[in-house]
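Beneath this line is the structure, given in structure tokens, with notes to follow.
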Amino acid sequence: MNKLRPVSTVMLFLLIASTSLGGQKTHPRLQRVLNAISSGEEVVAWVYFQDKGPNEALRNSVPTSVVSERSLQRRHKVRPVGALVDYSDLPVAQSYMDKLATHVVCIRQRSKWFNGASVVATKQQIEQIENLPFVRSVELVARFKKSPEEEEFSSNGDQAAAGQPAEVFSFNYGSSLNQVNQIKVPG
């Protein structure tokens with residue numbers, strides 16, 4: 001019974017996640033961006049696939065050949081011998097990637113662990129991607145920007161005291177400035 005609990009928990013999570021989109025494949029955050037842009041503008045999105053395509057048959061017996069020998073040795077340190085590889089190690093279906101490539105501006109990255117690809121696509125192309133039968137969902141790639149009010153740090157890592165000039169570096173080392181300054185990295 002204990003073995004079923006993690007599986008049922010995962011299944012419940014997947015059910016909730018799939019129904020949270022309300023039958024649509026486009027994530028709400030991406031939909032808001034698409035509503036705000038013109039049809040020719042491009043967005044960067046993650047496209048997640050339903051399954052591993054032809055590799056799905058290997059789900060219960062993933063061959064160790066899908067990862068490098070070095071990776072197997074590294075995993076052997078923290079995993080039991082029978083669990084060195086798993087479903088997420090199976091590659092993304094090349095047929096899915098080929099079909100996806102015909103519907104996007106470009107493919108940026110593919111991820112076998114996410115079972116998807118990062119793409120650049122227009123609003124119209126996103127709508128076409130949604131209609132592909134092997135696509136599970138489409139989500140906006142998260143982007144993070146520095147705040148315009150970056151704090152200036154002195155060479156000892158503390159905020160510059162009032163009236164004292166702060167040494168300004170071309171890179172913001174943040175709270176690690178003390179450590180990297182000891183080994184003379186900035187400068």
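Worth saying up front: this structure is predicted, and the values here are computed from it rather than measured.
V135 and Y96 fall within a single hydrophobic cluster, where Ile, Leu, Val, Met, Phe, Trp and Tyr side chains are chained together by heavy-atom contacts under 4.5 Å. In this structure, L100 is a member of the same hydrophobic cluster as V92, with clusters built from ILVMFWY side-chain heavy atoms closer than 4.5 Å.
Here CG of N55 is found 11.5 Å from CG of D89. Values are rounded to the nearest 0.5 Å. Rounded to the nearest 0.5 Å, atoms CG (L34) and CD (Q124) are 11.0 Å apart. In this structure, I37 CD1 and T122 OG1 are separated by 8.0 Å, a value rounded to the nearest 0.5 Å.
Side-chain contact of E127 with N131: a donor-acceptor pair under 3.5 Å is absent, judged by distance alone. No side-chain donor from either of Q182 and N178 sits under 3.5 Å from a side-chain acceptor of the other.
Using a distance-only test at 3.5 Å, with no hydrogens or angles considered, no donor-acceptor pair links the side chain of K25 to the main chain of V138. Judged purely by atom type and a 3.5 angstrom limit, S68 uses its side chain to pair as donor or acceptor with the backbone of S71. R75 contributes a side-chain N or O that, together with a main-chain N or O of L84, makes up a donor-acceptor pair within less than 3.5 Å. Although no hydrogens or angles enter the test, the distance criterion places no donor-acceptor pair under 3.5 Å between the side chain of N115 and the main chain of Y48.
Within a 6.0 Å radius of CD in Q94, other residues, nucleotides and ligands contribute more than 12 heavy atoms. Few gaps surround CD on E56; more than 12 heavy atoms of other groups in view lie less than 6.0 Å from it. Within 6.0 Å of the OH atom in Y87, the count of heavy atoms belonging to other residues, nucleotides or ligands exceeds 12.
Counting heavy atoms from C-beta outward, R108 and V120 have side chains that approach closer than 4.5 Å.
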